[in-house]
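Following: one structure in structure tokens, then a few remarks.
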Protein chains: 4
Amino acid sequence: MEQQSARLGRPRSERARAAVLHAADDLLVEVGYAAMTVKGIADRAGVGRQTVYRWWSTKAEILLEASADDARQELAVEPTGDLVAELAAYLDALTVFLTRSHAGAAYRALIGEAQHDPAVAALLADHDVIGDSARVILSRALGADTCRRTLDQATASLIGPVFFWHFTGRDPALLDTAALAETCGRQLARRSGTSGGGGSAD
Amino acid sequence: MEQQSARLGRPRSERARAAVLHAADDLLVEVGYAAMTVKGIADRAGVGRQTVYRWWSTKAEILLEASADDARQELAVEPTGDLVAELAAYLDALTVFLTRSHAGAAYRALIGEAQHDPAVAALLADHDVIGDSARVILSRALGADTCRRTLDQATASLIGPVFFWHFTGRDPALLDTAALAETCGRQLARRSGTSGGGGSAD
Amino acid sequence: MEQQSARLGRPRSERARAAVLHAADDLLVEVGYAAMTVKGIADRAGVGRQTVYRWWSTKAEILLEASADDARQELAVEPTGDLVAELAAYLDALTVFLTRSHAGAAYRALIGEAQHDPAVAALLADHDVIGDSARVILSRALGADTCRRTLDQATASLIGPVFFWHFTGRDPALLDTAALAETCGRQLARRSGTSGGGGSAD
Amino acid sequence: MEQQSARLGRPRSERARAAVLHAADDLLVEVGYAAMTVKGIADRAGVGRQTVYRWWSTKAEILLEASADDARQELAVEPTGDLVAELAAYLDALTVFLTRSHAGAAYRALIGEAQHDPAVAALLADHDVIGDSARVILSRALGADTCRRTLDQATASLIGPVFFWHFTGRDPALLDTAALAETCGRQLARRSGTSGGGGSAD
DNA sequence: TCTTAAGCGAGACGGTACGTCGAGTCTTAAT
DNA sequence: ATTAAGACTCGACGTACCGTCTCGCTTAAGA
């Protein structure tokens, strides 16, 4: 019954959807987030302005839809069995993501916008690509039954330094991700080791 | 010689300068960074628009000037001799700064803007309030002669998790800063301890 | 043969036609000509937008079809034998038509539109409801064989003052139609009286 | 005191005002009233859109300001002493105005718009160029002390037929203005003649 | 005291993007 | 083939803010 009403009228144009997402992605790289306008996206995509507004409310939404899949993929790390090596690989992937990737540029712009736009903040809260990617590794290390809060705290410890480094515009070459991975690995080992014994930490 | 030409004409109005900075601060809190406009600042300050443009090029500059002093002050921690206690106090101050303070709101807005505006990024690179405040404590712990790179790496490890937590919109109550301080303290102790022996660790 | 091809497919819906005309009439009164839109008519009529465009090209056409019959009827005056009385009755009917009637509102809107849209002007030239109604009376007074030009000139003299009065937004109460009817009647009498003799007058 | 506040800020640009009025006049002739847009006027005038909206609310206001002076001038008739000749000259001027003049095109467009826009109707009520021009002649014929209502009624009788003829799109060549002038002259003579005796005819 | 030079408020200027609306066209499934 | 529905491209709407410009008016230093 609902299907009937859903199929009424002209269906959404997949061509228009893809053109908008591509245009947004291109414009972000070419002119930057601030100079990106809905008008510019529509014109570049060869699409009416109304068509953009019909499906997305803000340029943030467009950008998120355009980059979320790529981001997820770029931050995936295959399991090797060696925890510290995995962590190092992950932090390197994160560095490349934040400093060189298209999707990463979109993510940085969105996090930036979220600092003064609650709507964007809410949007990102539902699409925690960066947190998700870290939790995959960390739950392998700490066990699948680890509670969410412990996982999040570990995530912050792992990602935080790299995140801070790049968000405050520091030179990517000067950050020693290997040392961070080792430190984090040692910390995790302590935690999972003691978890059987006393479990006094946090 | 320069003084002569510099003193020609009517001198800059201190009244106007202060009014603009106050108006910017108020507006940031009331309407948010995005909805803050130069026109709005000028009107609220009872100042001509040209007067604003004469002394500041962007709203970011205004905001930085309006909040830098406050930020510096809010992030200062008095030395107690107990490293972990100092670190914990600092991380708590940082949390309050990022989540509750006026100046912190300005800082978050500026870091956000810096993600897509190189001019703001450059501005912040010259006013590293948050890095400066951390280095004060860390150089006490590691010694005044510690090299800048080591100091920065330690800064990232200390601040990063808290920074990440709040910039990704997580619940302030769920972050265990005491644990972070202790972890960081242990790591610093290891480093300064071995520095006398081999000093090989990064 | 033509009948076969003419009967192919779904026949035109009389329901849709009537609904569109009623909707147009209602909207003219409720929101005025300028705020009347094809989209609005279609929605109000519960009809697809394309259905409107298939049968009418402009809202003027719709309005004309919706009101022409009513207009013709409202401007008909039954013969009484007394010329001046007929003229006065006609001018009063014209006044009511132009100032109070639904159909009159449509007519005014169309004449207005015709001033800057040649298509509407052409449309109205083919549907001279107001001229037709006057000629019925005047040809009774001047004889059925009166030439068209004389008839049109007389029509202008009869209708013109009332038409001008209302199109320039003057107060309906202040126009003395009885005096106009009498003047016009005297003029017509002079013309038909001399027509037997010399017939020199214009 | 009021003068002081009136001189605050940058004064209005006479260049911009003139450019807008010229652009409006040109566009009316080139593309017609309906296709005339505020955007088009602003672009053609080399003026910001806001500048147009700052001084005029609608394109009707612009058009009125652009044409009122010309209209007044084109409809003036110099007194000759011969009433019928004056009336004939006036009706010919009116015909040229309504069918060939720039200002007349603007006037027709405005009267048209007034049929479905009360704001335009109100605007025209305050600038009755056509009525004013007729009253000048008629008050010469009927005496300067003639009451307004009598004057208006005579105005309608004089102008009405010509107005009707052209507003309903009839062929200008087929209207006998000389006959209308004579008829009207005779009517006026009767009225001023009897006004001394019985004065029963309003 | 009188000039000169710069800062001040106000506010109009030419631009450009905003988000909305209506135009007229096109593409579905259902009749 | 026509219907209702509704997405499509296009472009004007009126508003807001941009950064610049012209005004008349301070405000002080230097002649």
Side-chain angles (χ1 to χ4, degrees), chain A residues 3-13 15-17 35-40 42-43 45-55 57-58, chain B residues 3-13 15-17 35-40 42-43 45-55 57-59, chain C residues 5-13 15-16 35-40 42-43 45-55 57-59, chain D residues 4-13 15-17 19 35-40 42-43 45-55 57-59:
Chain A
Q3 287 179 338
Q4 280 193 352
S5 66
R7 288 172 187 269
L8 272 184
R10 183 178 179 172
R12 177 173 182 184
S13 159
R15 200 212 108 253
R17 179 182 166 275
M36 217 174 121
T37 66
V38 174
K39 182 184 193 303
D43 288 354
V47 143
R49 204 126 58 99
Q50 182 79 84
T51 298
V52 178
Y53 283 113
R54 183 156 25 232
W55 302 109
S57 336
T58 63
Chain B
Q3 287 179 340
Q4 280 193 350
S5 64
R7 287 170 186 272
L8 272 183
R10 181 179 182 174
R12 176 173 183 183
S13 157
R15 201 211 108 256
R17 177 180 167 277
M36 220 174 118
T37 67
V38 174
K39 183 183 193 302
D43 289 354
V47 143
R49 207 123 56 94
Q50 190 66 251
T51 299
V52 178
Y53 283 114
R54 186 159 20 237
W55 302 109
S57 351
T58 63
K59 57 180 180 176
Chain C
S5 67
R7 287 168 187 270
L8 273 183
R10 184 176 179 173
R12 176 172 183 185
S13 156
R15 202 212 106 253
M36 222 173 115
T37 66
V38 174
K39 183 182 192 306
D43 288 354
V47 142
R49 208 123 56 93
Q50 190 66 247
T51 301
V52 178
Y53 283 114
R54 183 152 27 231
W55 303 109
S57 0
T58 63
K59 57 179 179 177
Chain D
Q4 280 192 351
S5 67
R7 288 172 188 270
L8 272 184
R10 182 179 180 171
R12 175 173 184 184
S13 158
R15 204 212 106 253
R17 179 181 166 276
M36 218 175 120
T37 67
V38 174
K39 181 183 195 305
D43 288 354
V47 142
R49 205 126 57 98
Q50 183 77 70
T51 298
V52 178
Y53 285 113
R54 183 154 27 231
W55 301 110
S57 335
T58 63
K59 56 181 182 177

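Computed over heavy atoms, backbone and side chain alike; hydrogens, waters and symmetry mates excluded. Chain identifiers are assigned alphabetically (A, B, ...) following the order of the sequence lines, protein sequences preceding nucleic acid strands; residue numbering begins at 1 within each chain.
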Q) Taking only residues two or more places apart in sequence or in another chain, which ones pass side-chain contact (heavy atoms from CB on, under 4.5 Å) with A/S57? A) A/E61

Q. Whole Å only: how far is the CE atom of B/M36 from the C1' atom of F/dA16?
A. 17 Å

Q | Any C/W55 side-chain N or O less than 4.0 Å from OP1/OP2 of F/dA1 | A | no

Q.
Quick check for you: among E/dA17, F/dT3, F/dC8, whose closest atom lies nearest to any side-chain atom of A/A16?
A. F/dC8

Q: Answer yes or no on whether A/R12 is positioned over the face of A/W55, meaning its NZ or CZ is under 6.0 Å from the six-membered ring centre and within 45° of the axis.
A: yes

**Q.** Which nucleotide in F/dC8, E/dT20, E/dC21 has an atom nearest any side-chain atom of A/R12
**A.** F/dC8

Q: Could you please name the option among E/dG7, F/dT3, E/dA10 that lies closest to any side-chain atom of B/Q50?
A: E/dA10

**Q.** Non-hydrogen atoms of C/K39 and C/R49 that approach each other most closely
**A.** CA-CD, 3.7 Å

**Q.** For C/R15, salt bridge (Lys or Arg N to Asp or Glu O under 4.0 Å) partners two or more places apart
**A.** none

Q: Check whether any side-chain N or O of D/T37 sits under 4.0 Å from OP1 or OP2 of F/dA12, and answer yes or no.
A: no

Q. Separation of B/R54 atom CZ from E/dA10 atom C1', in whole Å?
A. 13 Å

Q.
Between D/G48 and C/G40, which residue's closest nucleotide on DNA chain E lies nearer the 5′ terminus?
A. D/G48

Q: In whole angstrom, give the distance that lies between atom OH of B/Y53 and atom C1' of F/dG19.
A: 5 Å

Q: Answer with base, sugar-phosphate or nothing: what part of the nucleic acid does B/R17 contact at a heavy-atom distance below 4.0 Å?
A: nothing

Q: Record whether the side chain of C/R49 comes under 3.5 Å of the base of E/dG24 through a donor-acceptor pair of N or O atoms.
A: yes

Q.
Categorize C/G46 for me: base, sugar-phosphate, or nothing, with a 4.0 angstrom heavy-atom threshold over every strand shown.
A. sugar-phosphate

Q: Send over the distance from C/D43 CG to F/dT3 P, rounded to a whole Å.
A: 16 Å

Q. Would you say a side-chain N or O of C/R15 is under 4.0 Å from OP1 or OP2 of F/dA4?
A. yes

Q | Nucleotide nearest D/V38 (side chain, heavy atoms from C-beta), chosen from F/dG14, E/dG19, F/dC17 | A | F/dG14

(Q) Can you see if the side chain of D/T51 gets near the phosphate of E/dA12 - specifically, an N or O under 4.0 Å from OP1 or OP2? (A) no

Within the sub-3.5 Å range, which N or O atoms of nucleotides 26-28 of chain F have a protein N or O partner, and how far apart are they?
residue : atom : partner : partner atom : Å
F/dT26  : O2   : B/R10   : NH1          : 3.2

Q.
On DNA chain E, compare the nucleotides closest to B/V47 and D/S13; which residue's is nearer the 5' end?
A. B/V47

Q) Can you check the D/K39 NZ to F/dA12 P distance for me, whole Å? A) 5 Å

